[in-house]
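Read through the structure below, which is laid out as structure tokens, and then see the notes.
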Amino acid sequence: MKNIHPLEELAASLRNKIEDHYNIKTGESDIVIEDTPNPELGDIGIGCFFLSKKLKKSPASIAEELANLSFTIPYVNNLRSAGPYLNMTLDAESLIKSLFAVISAQSNDYGLSDYGAGRQVMIEYSSPNSNKPQHLGHVRNNVLGMAVSNLLEASGYNVARVNLINDRGIHVCKSMISYLKWGNGTSPESENIKGDHFVGDFYVMFEKKAKNESGLLEEARGILKRWENGDNEVVKLWKKMNDWVYEGFDETYNRLGCIFDKVYLESETYTKGRDIVLRGVGEGILSKNKTGEVIINLDDLELEEKVLLRSDGTSIYMTQDLGTTVEKFNDYKLDKAVWVVASEQNLHFKILFHVLERLGYKWADKCYHLNYGMVYLPEGKLKSREGRTVDADSLMDELHELSKKEIIKRSRDMDDETIETTAEAIALSALKYFILKVHPRKDINFSPEDSLSLEGSTGPFAQYSYARLSSILRKGGEAVHGEPDFSLLGNPEEKKIAVLLAQYPHVVLDSANSYNPSRLALWIFEISRAINKFHHDHSVLNTGDPELTKARSGLVRIARQTLGNGLRLMGIKPLEKM
RNA sequence: GCCCCUGUAGCUCAGUCAGGAUAGAGCAGAGGUUUCCUAAACCUAAGGUCGCAGGUUCAAGUCCUGCCAGGGGUACCA
């Protein structure tokens, strides 16, 4: 890390002083800077528990001793003990001055670290089937995958964002047979329907009709067989329909901001796992049972044996994933491979990684399943097969319409086009923030009503805070420029913002290391609140003192920069006006 | 049955990995603030046997054991 951030400087200095005084060694992670429960106790503090064992003294007496030594520590103008805690009062002037220098210099890079430098990580996310549009579950996956990718990249890793499209199989053939029977040669263009919805409608039609027509499934299986034999006609239709779906997906991905460095297609990888499995049989690691399936004994996991290849020699899900994973490690020199996949598949991934290890792949321990909880509607689980579909596109449309209403209600000076782009930005920030503020492992109770609310801990609230900061700088003209004199700052509201800005780099790293964007979401909410409180209590442009205006503008500038950086990592585009 | 996850205020959630300050927010409901840079805001009060019961510890929402409730999984589906 080339640039030392204020809080790191402070922690390092404190650690040195403690080591020198007691003539001991401490670990880098021993000094954990915490917030105090109450500003009267100081701005930040550390618990002295970690010293207690080494020094054989009570944490409280250590804290008192340290406080009485009156060290000189950067950005700190007062040390005091409170029980087992050593608390510090920060010096607003030097802290803000230093933050201003660092954040101005780093601008969009403030918060980035080189923690993961030189290491390559792959994030597989989205992973849709090519027979229907994406639904609310995919939205969570997409949003989570993007945010985690951004966070890891911000922490210095090389990140490969990849998608694995399940573009072959019986589900695709169902849409195909349905289109052949009832499509009458129509197309997304002729019907003016988004391609993935067009194909999805035929899939739904199949499921409905198959309930009464028992022969339909047989026909779909026939199509699958013909596809596997490379039947020209079938392959041509398959390509055509998949392209329709991909056109639709591209639109959805563009709207959400999803990007991929590489797309794996199951049709290209699905046979590769078979060789791996057969080699495992040859090496005696795997075996064939009496009915002809290749199986692996999982006694070591206290699980039932698992089939890895069907008796007719065809691949199952596990076979394909074995193949794709080996492919991934062949394509990239990976230090970490992450799968963003719902927790329904926890067992699948546990077995997948274990089988890879048993097959002797040394990199098996670099595989990580980032699982996330279900998304529920008040009515129950989302299922596209049961007609109760909340697809990604209509959800975004719905949110768009609502934020548009809110904008119009407030009757700002905005032309129609700006209203549309603003409504879209607010809608997407609402959706993304709502998903990311919840810990990935938890289920989300997606109440459409709550998600549409624009108050509280939401994306629009953060956008509002950002827009107000932008507004001040826009309207300030000359008054907000020039060398700020930060000795004029130091009220509690200014200090609160400064402390949060100083903590930001740690929040980013912490979120990245725990694959948990909700930590960053919390920080975004906290600084948004601090900004609004500051706006409420203090004026920037109307202070009557040009020097104070300049100083506060400096703080506004770096707050805006840092909040914007945080939002961008969440995949949210900050709004200058709303 | 067995395995995994979840259970914190009326509702939605932080905090559990790494035990430490009086368990924090938001929403809803109650009350208040606007000649002033965006009131999509801000403030105040109220709201809790941290699912239950044991245990470990100087200290447990956090660790251990058992139980209860909800969800997921337990396919030659993906």
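Letters A, B, ... are given to chains in the order of the sequence lines, protein chains preceding strands, and every chain is numbered from 1. Bear in mind the structure is a predicted one, so any value in this text is a computation, not a measurement.
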At a cut-off of 3.5 Å, list every protein nitrogen or oxygen paired with a nitrogen or oxygen from nucleotides 8-13 of chain B, distance to 0.1 Å.
from  : atom 1 : to       : atom 2 : distance (Å)
B:C13 : OP1    : A:Asn445 : N      : 3.4
B:C13 : OP1    : A:Asn445 : ND2    : 3.4

If you only use heavy atoms from C-beta on, which nucleotide in B:C5, B:A78, B:A14 is closest to the side chain of A:Asn166?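 Nearest to the side chain of A:Asn166 among the choices is B:A78.
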Nucleotide nearest A:Leu347 when distance is taken to its side chain, options B:A21, B:A78, B:U74: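 Side chain of A:Leu347 sits closest to B:U74.
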Can you list the residues that meet the salt bridge (charged side-chain N to carboxylate O under 4.0 Å, His left out) rule with A:Arg519, with sequence neighbours excluded?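 Salt bridge (charged side-chain N to carboxylate O under 4.0 Å, His left out) list for A:Arg519, sorted by chain: A:Asp510.
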Residues two or more places apart in sequence or in another chain: which of them pass salt bridge (charged side-chain N to carboxylate O under 4.0 Å, His left out) with A:Arg560?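 For A:Arg560 the salt bridge (charged side-chain N to carboxylate O under 4.0 Å, His left out) partners, ignoring immediate neighbours, are A:Glu576.
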How would you list, by chain and number, every residue that makes a ring pair (Phe, Tyr, Trp, His ring centres under 6.0 Å) with [X], sequence neighbours excluded?
{"X": "A:His506", "value": "none"}
{"X": "A:Tyr270", "value": "A:Trp227"}
{"X": "A:His481", "value": "none"}

How many Å lie between [atom1] on [X] and [atom2] on [N], as a whole number?
{"X": "A:Leu308", "N": "B:C77", "atom1": "CG", "atom2": "P", "answer": "13 Å"}
{"X": "A:Glu266", "N": "B:A78", "atom1": "CD", "atom2": "P", "answer": "8 Å"}
{"X": "A:Asn513", "N": "B:A18", "atom1": "CG", "atom2": "C1'", "answer": "13 Å"}
{"X": "A:Gln345", "N": "B:A78", "atom1": "CD", "atom2": "P", "answer": "10 Å"}
{"X": "A:Asp35", "N": "B:U22", "atom1": "CG", "atom2": "P", "answer": "16 Å"}
{"X": "A:Leu522", "N": "B:G24", "atom1": "CG", "atom2": "P", "answer": "14 Å"}
{"X": "A:His369", "N": "B:G72", "atom1": "NE2", "atom2": "C1'", "answer": "12 Å"}
{"X": "A:Asp167", "N": "B:A78", "atom1": "CG", "atom2": "C1'", "answer": "13 Å"}

With sequence neighbours excluded, tell me which residues meet side-chain hydrogen bond (donor to acceptor under 3.5 Å, both in side chains) with A:Lys306.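 By the side-chain hydrogen bond (donor to acceptor under 3.5 Å, both in side chains) rule, A:Lys306 matches no residue at all.
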Among residues two or more places apart or on two chains, list those pairs meeting ring-ring contact (aromatic ring centres under 6.0 Å, His included) that have a residue in residues 32-67 of chain A.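 For residues 32-67 of chain A: A:Phe49-A:Tyr85.
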Taking atom types as modelled, is there a side-chain donor on A:Tyr433 or A:Ser457 under 3.5 Å from an acceptor on the other?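 A pair is found: one side chain offers a donor N or O, the other an acceptor, under 3.5 Å apart.
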Any chance the side chains of A:Asp545 and A:Thr543 put a donor and an acceptor closer than 3.5 Å?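 Per modelled atom types, A:Asp545 and A:Thr543 side chains form no pair under 3.5 Å.
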Pairs under 3.5 Å (Watson-Crick or G-U), crossing ones as [ ], inter-strand ones as |: RNA chain B comes out as ((((((((.[[[[.)....(...]]]]..((((.......))))......[[[[[..)....]]]]])))))))....
What interatomic distance, in whole Å, is found between [atom1] of [M] and the corresponding atom of [N]?
{"N": "B:U8", "M": "B:U62", "atom1": "P", "value": "14 Å"}
{"N": "B:G61", "M": "B:A23", "atom1": "C1'", "value": "7 Å"}
{"N": "B:U6", "M": "B:G51", "atom1": "P", "value": "12 Å"}
{"N": "B:C43", "M": "B:U56", "atom1": "C1'", "value": "44 Å"}
{"N": "B:A59", "M": "B:G20", "atom1": "C1'", "value": "6 Å"}
{"N": "B:C11", "M": "B:C77", "atom1": "C1'", "value": "37 Å"}
{"N": "B:U12", "M": "B:G47", "atom1": "C1'", "value": "15 Å"}
{"N": "B:A45", "M": "B:U49", "atom1": "C1'", "value": "23 Å"}

Determine whether A:Asn87 and A:Leu79 satisfy the following criterion, side-chain contact (heavy atoms from CB on, under 4.5 Å), listing intermediate values before the conclusion. CA-CA 6 Å; A:Asn87 290 337; A:Leu79 281 168; over 6 Å; no
Pairs flagged by salt bridge (charged side-chain N to carboxylate O under 4.0 Å, His left out) wherever residues 32-48 of chain A is involved - sequence neighbours left out: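 Those involving residues 32-48 of chain A are A:Asp43-A:Lys495.
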Would you list the pairs meeting salt bridge (charged side-chain N to carboxylate O under 4.0 Å, His left out) in which at least one residue belongs to residues 430-447 of chain A, sequence neighbours left out?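 Listed once each, the pairs would be none.
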If you look at every strand shown and take non-hydrogen atoms under 4.0 Å, does [X] touch a base, only sugar-phosphate, or nothing?
{"X": "A:Glu302", "value": "nothing"}
{"X": "A:Leu41", "value": "base"}
{"X": "A:Glu305", "value": "nothing"}
{"X": "A:Thr314", "value": "nothing"}

Do A:Trp523 and A:Tyr504 have their ring centres less than 6.0 Å from each other?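 Yes; A:Tyr504 has its ring centre under 6.0 Å from that of A:Trp523.
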When the ring centroid of A:His171 is compared with that of A:Tyr203, is the distance short of 6.0 Å?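 Aromatic pair excluded; centres sit 6.0 Å or further apart.
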Nearest nucleotide by nearest heavy atom, which residue falls closer to the 5' end of RNA chain B, A:Phe49 or A:Lys350?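 In this pair, the answer is A:Lys350.
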Here's a test of your reading of the structure: between A:Asn38 and A:Asp312, which maps to the more 5' nucleotide of RNA chain B?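 The residue closer to the strand's 5' end, by nearest nucleotide, is A:Asn38.
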The contact string for nucleotides 36-43 of chain B, one letter per nucleotide 5' to 3', using protein heavy atoms under 4.0 Å with B, S and - for base, sugar-phosphate only and none, comes out as SBBSBSSS
Tell me whether A:Phe525 and B:G26 count as stacked here, given that the ring centres must be under 5.5 Å apart and the planes must differ by less than 30 degrees.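 Here the ring of A:Phe525 and the base of B:G26 are not stacked, as the 5.5 Å and 30° limits are not both satisfied.
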Classify the side chain of A:Asn87 and the base of B:A21 as holding, or not holding, a donor-acceptor pair under 3.5 Å.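 Present.
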